[in-house]
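Protein chains get the first letters and strands the later ones, always in sequence-line order, with residue 1 at the start of each.
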Amino acid sequence: MLQLNYIRENKDEVLKRLAIKNFKDAETIINKVMELDNARRASQKEGDAIKAEANAIAKQIGELMKSGKKEEAEIQKAKTAELKQKEKQLDESLKGIEDEIHKLLVQVPNTPSTKVPAGKTPEDNEVVFEHGAKPTLPPGSVPHWELTTKYNLIDFELGVKLTGAGFPVYKGKGARLQRALINYFLDKATSAGYMEIQPPIMVNEDSGYGTGQLPDKEGQMYHVQIDNLYLIPTAEVPITNIYRDVILKESDLPIKNCGYTPCFRREAGSYGKDVRGLNRLHQFDKVEIVQIAHPDKSYETLEGMREFVAGILKELELPFRTLKLCGGDMSFASALTYDMEVWSAAQQRWLEVSSVSNFETFQTNRLKCRFKGADGKTQLAHSLNGSALALPRIVASLLENNQTPEGIKLPKVLVPYAGFEIIN
RNA sequence: GGAGAAGUGGCAGAGUGGUCGAUUGCGGCAGUCUUGAAAACUGUUGAGGGUCAUACCUCCGGGGGUUCGAAUCCCUCCUUCUCCGCCA
């Protein structure tokens with residue numbers, strides 16, 4: 001959520017930036033917000049004045065009662081009836097205005113950073129880095145959903161029986177590979193200074209709200225209605241919410257956390273080849289990295305996170321590229337996002353395996369995650385996160401890219417974790 | 001799940017209807033002293049709104065109510081603790 005004061009003071013700049021995100025109703029909404037904000041402040045002033053008067057009278061009554069002047073106290077009491085009524089009215093109208101502002105404000109996406117390229121569709125994303133050669137597969141090579149069956153690694157049909165589509169069952173070396181990847185990713189992150197967190201995988205409404213899944217994206221999460229809890233779509237939600245309503249010390253920054261969790265996504269409305277095999281699932285595993293950074297350092301931090309993820313992909317010997325997302329393809333909350341895509345050799349397409357973003361103060365404003373600076377003032381910190389990494393598409397490309405007539409060869413770095421070199 | 005008790009500032013802990021945004025201690029910060037540190041002493045130290053700046057307003061687990069006035073009384077929800085039950 002954008003900061004009201006920031007919008008008020010930088011309205012033109014905000015509108016200009018929102019245009020890069022192709023946010024259509026920006027001007028209408030922002031103007032309305034500013035109008036309401038003026039009303040809010042006027043209403044607040046008026047209400048405060050009445051409350052001040054009522055407080056003063058109450059104080060007088062107290063003094064009169066103490067000195068035994070009951071009759072005078074009664075006279076004063078009579079005066080408060082009208083004030084009380086007005087006070088109630090103004091409180092209600094103020095609350096109404098604030099709710100309305102809030103309702104509008106949550107519809108406004110984050111302003112993109114100045115580094116974000118203009119553009120509307122994924123084709124307008126900027127390739128900033130590319131690494132590794134696309135392998136030429138031996139004849140007879142097949143996509144991962146055939147390999148998983150051939151080597152009995154993942155049973156999609158069994159998942160349907162147990163739960164439904166998009167809930168695969170990993171078996172044997174397939175299961176072991178999951179465990180290997182999770183441990184490998186966590187080891188990489190912890191040795192890069194991220195503290196490992198094992199959070200709950202269900203969160204309450206406040207947390208869903210804090211990271212922006214609620215109120216608008218409610219339908220994308222599984223909701224346990226009897227207890228009003230949500231299954232997390234990513235570890236970002238519980239981990240970032242650790243810092244909700246927290247005032248940090250400047251010396252605490254940057255905070256670096258990582259965590260492995262299963263992730264649950266309803267993904268209503270997707271179809272076709274995009275969802276085949278491991279390409280898109282309702283439940284999948286992911287290691288997430290989260291940082292809370294000083295506003296002056298957050299873009300440095302973002303680059304560091306991008307490098308970190310790239311380092312993992314290099315070790316996994318997967319061809320990948322890094323995209324800087326254009327305004328139109330960025331997520332609602334992000335100020336700058338890099339997507340990392342690995343080459344899926346059998347599908348002949350790029351698969352997104354990581355998304356690394358700086359949210360600046362967009363999340364922390366909602367979260368009220370602040371720090372006390374050297375000047376003693378509290379200000380909002382910046383929040384960032386990235387996948388490091390999501391497993392399914394990594395598995396898909398590992399299987400596809402490394403298939404040989406003898407079997408699927410694991411990259412060296414995974415062998416100690418998996419306990420085997422080849423799947424055959 | 002049943003019965004009881006409790007939730008106050010970073011922490012501990014007073015406050016049970018009036019000038020309390022809150023005594024005090026610890027911690028933090030600044031200063032004095034010291035070559036430096038520690039100790040001791042002095043001062044300072046919650047958040048949000050509002051204002052050019054003051055003033056002023058709101059917040060004592062969340063929400064609602066009673067009252068001229070609520071940290072204090074009532075209702076409700078949440079959380080924690082104790083006992084019982086169940087249990088990986």
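Taking atom C1' on both nucleotides, B/rA22 is separated from B/rA12 by 16 Å, rounded to a whole Å. Spacing between B/rG27 and B/rG36 at atom C1', rounded to whole Å, works out to 23 Å. A gap of 26 Å separates the C1' atoms of B/rG18 and B/rG50, to the nearest Å. Comparing B/rU67 with B/rG62, their C1' atoms sit 22 Å apart, to the nearest whole Å. Between the C1' atoms of B/rU16 and B/rA70, the separation comes to 11 Å (whole Å). For B/rC26 and B/rU34, the P atoms lie 24 Å apart once the distance is rounded to whole Å. The separation of B/rU72 from B/rC87, taken at their P atoms, amounts to 42 Å, rounded to a whole angstrom. Rounded to the nearest Å, the gap between the C1' atom of B/rG7 and that of B/rG28 is 25 Å.
Residue contacts for A/E74: at a heavy-atom cut-off of 4.0 Å it reaches no nucleic acid atom on any strand shown.
A donor atom on one side chain and an acceptor atom on the other are not found under 3.5 Å apart for A/N110 and A/Q363. Side chains of A/E196 and A/T190: no donor on one and acceptor on the other come within 3.5 Å. Inspection of the A/E406 and A/N424 side chains reveals no N or O donor paired with an N or O acceptor under 3.5 Å.
For B/rA14, there is no paired base (Watson-Crick or G-U wobble, both distances below 3.5 Å). Under the Watson-Crick or G-U wobble criterion, with both distances below 3.5 Å, B/rC87 is left unpaired in every strand shown. The partner of B/rC73, taking Watson-Crick or G-U wobble pairs whose two distances both stay under 3.5 Å, is B/rG65. Base pairing annotation: B/rG31 forms a Watson-Crick or G-U wobble pair with B/rC41, both donor-acceptor distances under 3.5 Å. In this structure B/rG9 sits in no base pair that meets the Watson-Crick or G-U test at under 3.5 Å. In this structure B/rG4 sits in a base pair with B/rC81, meeting the Watson-Crick or G-U test at under 3.5 Å. Pairing for B/rA22 is absent, with no Watson-Crick or G-U wobble pair whose two atom distances lie under 3.5 Å. With a cut-off of 3.5 Å on both Watson-Crick or G-U wobble distances, the partner of B/rC56 is given as B/rG49.
Put simply, CG on A/D252 is 13 Å from C1' on B/rG28, counting in whole angstrom units.
The nearest pair of heavy atoms linking A/G212 to A/R366 is CA-NH1, 3.4 Å.
In this structure, A/K324 forms no cation-pi arrangement with A/Y338, as its terminal cationic atom is not both closer than 6.0 Å to the ring centre and no more than 45° off the ring axis.
Checking A/I232, A/L231, A/L214 one by one against A/M221, the side chain to side chain contact (heavy atoms under 4.5 Å, CB included) holds for a single residue, A/L214. The one candidate from A/M202, A/H223, A/Q220, A/Q213 that meets the side chain to side chain contact (heavy atoms under 4.5 Å, CB included) condition with A/Y230 is A/H223.
Every residue meeting the side-chain contact (heavy atoms from CB on, under 4.5 Å) condition with A/V142, not counting sequence neighbours, appears here in chain and number order: A/E146, A/L147, A/Q403.
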Under a 4.0 Å heavy-atom criterion, the protein footprint on nucleotides 43-71 of chain B, written with B, S and -, is ----SSBSS----SSS---------BS--
